[in-house]
Engineer: 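Below are the structure tokens for one structure; questions will follow.
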Amino acid sequence: NDSILKNEANPNNWASQLGNYAGQRYSPLNQITTDNVKNLQVAWSFSTGVLRGHEGGPIVVGDVMYIHTPFPNKVFALDLNNPGRVIWKYESVQDPTVIPVMCCDTVNRGVAVADGKVFLAQADNTLVALDAKTGKEMWKAKNGDHTKGETLTAAPLVVKDKVFVGISGGEFGVRGHLTAYDTNSGKMVWRAFSTGPDADVKIDPSKTMMMGKPIGQKDLGVSTWPGDEWKRGGGTTWGWYTYDPALNLIYYGTGNPGTWNPTQRAVDKDRAKSDNKWSMTIFARDPDTGEAKWVYQKTPFDEWDFDGVNENILADINMNGQQRKVLVNFDRNGFAYTLDRATGELLVAQKYDPTVNWATDVDMKTGRPNVVDKYSTFANGEDKNTSAVCPAALGTKDQQPASFSPDTGLFYVPTNHICMDYEPFSVSYTAGQAYVGSTVSMYPTPNSHGGMGNFIAWDAAAGKIVWSRPERFAVWSGALSTKGGVAYYGTLEGYLVAVDMKDGKELWRFKTPSGIIGNINTYTHNGKQYVAVLSGVGGWAGIGLAAGLTQEAGAQAWHNAVHPGHTEGGGVATAGLGAVGAHQSLGEYTQLGGVLTVFHIPDQK
Ligand SMILES: O=C(O)c1cc(C(=O)O)c2c(n1)C(=O)C(=O)c1cc(C(=O)O)[nH]c1-2
């Protein structure tokens, strides 16, 4: 889209949620440096008036900043010339019965701004285009039905004259898809499903590439499932989308296959026959037609809820003396993948947390993980209770987007160090009800370096951690790297932290009003650099506070609702699909509340 390309070429803006189409979350601004970042102070702040988890971040185009909130998905256009003055406010009316079918808090990962419009994907499946000047609705499209468990949390992506949205509901047996709408009219242009026949998935087995050659076999999106389980097959698309204008390809990943109980998704005792395609898959598609150019499935036959939706960062890096156009993905399953983004060829797959134990490695010929039987939750065709699987379902990294700096050639990655016990059980499908089929409890990784989170620098050519800093809780905020040599991330306690990109040394930290699960952004206004972040604890990691699940009674009620008819294993340890137990002490450090905080270095008097 020309307006996005123009906005992102000007470093004074923060043009899109991930900073640019490549998803790098890097800024060439360099007024704030490793030397002066210690002088950073609050310039202004703004309360959104909404509690619960604030993901995503502000967009800045020219003199206007756009921010959004979790349900009911308010949008504010704020005047940077009169900081915090509300130019317009959009507030939708949504059916609150959408809230109980949102798995992981009522989050929203932000708006897209293009062609004088602001695009918002509302929780209730409404995609709306607003006039960027006035906030008036221009058109609305309906992308799903929350009575079937479908919701929206992802930030839309605009490419040329199309806006792309995914779908959430992998915990409700939703069948995932990515859908393109016309930016001018809101009319659907194409929809590509994540499971089912090739025609629905927009795969041509004679052309779509997998591991360097055409897929060959037909309709794997059907034959790798028992019966018609693919219709409840998950593979939802609630993560981030990136785009390479030169290759004309969009990239995104699909989530967990249907129920978390693997046995119900098995066609055979042999797990290798039940890939549950195309869940857990990176897709490269032509944005004009939706056709899949290549695919790569990271976790065939998932047994742990390692959704494969994390951002695919596009970077040009040096590999063995050669510049290569790669795509780098830090998957929930604990492996970081480097692929050729034109062909989908797998170049590197290495653990980005050494405590990851469910697989020893990835076979570079087949692209498949070598699963360790002990940590499998499926044995001889049956459910198996398994303990001490690392990472937990929260993943080594979840939705919190990483950053790539072209200056250092390194990736800066917010991560989790949490393990789990996993007890699968049979569950029957009812539209609109949870289809989870597993009781999970999570806890800090044993023998870890200290905390449940880690902020790391990663070399994607070598597949190695360069440096690493522990944090008390999962690092659930998106990272930012800058030309000034400073990288930023937020913590669940609410600290905004600035570190030296060279060695990870802490240079500055500030306690914002609530836990940070938003993404740090930077921009220039009137020639001066600012750093901006949304606080507001929540998301899956903070679901205990966000949904009031930290007390025994609330936690038990949650268990009864999510696991109907399954009485075992309720209470705080397993509430919030296991996340509450791990983060039980979070309330000692922070409480709910959505606030934007903007920082600067005050002028010398
Ligand atoms: O399967 C799905 O459709 C789905 C949706 C979402 C979501 O939309 O937020 C999450 C997840 N799964 C999920 O597995 C997960 O770990 C998760 C974390 C978060 C968050 O915002 O903190 N959302 C989601």
Side-chain angles (χ1 to χ4, degrees), residues 14 17 25 37 40-60 65-76 78 83-84 86 104-111 153 155 398-401 403 414 416 452-453 455 471-480 486-499 506 508-523 530-548 550 579 583 585-600:
W14 187 267
Q17 290 297 329
R25 299 199 57 71
V37 64
L40 217 52
Q41 290 184 14
V42 174
W44 56 282
S45 60
F46 181 87
S47 170
T48 67
V50 179
L51 302 174
R52 303 197 67 156
H54 281 58
E55 288 182 354
I59 301 275
V60 173
M65 173 187 282
Y66 303 91
I67 60 169
H68 67 286
T69 75
F71 184 93
N73 310 123
K74 295 185 195 179
V75 181
F76 296 94
L78 302 177
V86 178
C104 308
D105 197 7
T106 58
V107 292
N108 184 287
R109 298 188 189 85
V111 296
T153 62
D398 199 283
Q399 59 77 35
Q400 57 274 40
S403 169
N416 315 321
M452 278 190 280
F455 188 64
E471 284 290 348
R472 180 178 284 113
F473 296 110
V475 185
W476 213 258
S477 103
L480 168 71
V486 185
Y488 303 81
Y489 65 94
T491 74
L492 280 177
E493 299 104 301
Y495 287 102
L496 176 60
V497 184
V499 301
E506 181 168 320
W508 174 86
R509 75 163 56 203
F510 179 89
K511 183 86 155 70
T512 69
S514 179
I516 300 177
I517 61 168
N519 308 328
I520 325 299
N521 298 351
T522 189
Y523 64 93
Y530 293 85
V531 174
V533 66
L534 285 171
S535 304
V537 75
W540 193 10
I543 190 71
L545 286 175
T550 53
H583 291 91
S585 64
L586 189 53
E588 295 168 26
Y589 297 88
T590 195
Q591 294 292 315
L592 301 182
V595 174
L596 166 79
T597 313
V598 179
F599 298 86
H600 70 159

Engineer: Specify the closest pair of heavy atoms between Gly110 and Gln17, including all atoms of both residues, with the distance to one decimal.
Structural biologist: CA-NE2, 3.4 Å
Engineer: Side-chain contact, heavy-atom cut-off 4.5 Å: Val533 with His54?
Structural biologist: no
Engineer: Give me the atom names and distance for the closest heavy-atom approach of Ile67 to Leu78.
Structural biologist: CD1-CD1, 4.0 Å
Engineer: Less than 4.0 Å between a side-chain N and a carboxylate O, is that true for Arg472 and Glu493?
Structural biologist: yes
Engineer: Can you give me the closest heavy-atom contact between Pro70 and Val107, atom names plus distance?
Structural biologist: CB-CA, 4.2 Å
Engineer: Do the side chain of His68 and the main chain of Asn108 share a donor and acceptor less than 3.5 angstrom apart?
Structural biologist: yes
Engineer: Go through the steps for Trp44 and Phe599 under the test ring-ring contact (aromatic ring centres under 6.0 Å, His included), then give the verdict.
Structural biologist: CA-CA 7 Å; Trp44 56 282; Phe599 298 86; over 10 Å; no
Engineer: May I ask you to decide if the ring planes of Phe46 and Phe76 are parallel, tilted or perpendicular, using 30° and 60° as cut-offs?
Structural biologist: perpendicular
Engineer: Test Leu596 against every option in Ser535, Ser45, Pro58 by the side-chain contact (heavy atoms from CB on, under 4.5 Å) rule and name the one that passes.
Structural biologist: Pro58
Engineer: With no hydrogens and no angle check, is any side-chain donor or acceptor of Ser514 less than 3.5 Å from a backbone partner on Val537?
Structural biologist: yes
Engineer: Is the Phe455 ring parallel, tilted or perpendicular to the Tyr489 ring (thresholds 30°, 60°)?
Structural biologist: parallel
Engineer: On a heavy-atom basis, which atom in Lys511 and which in Tyr589 lie closest, and how many Å separate them?
Structural biologist: NZ-O, 2.9 Å
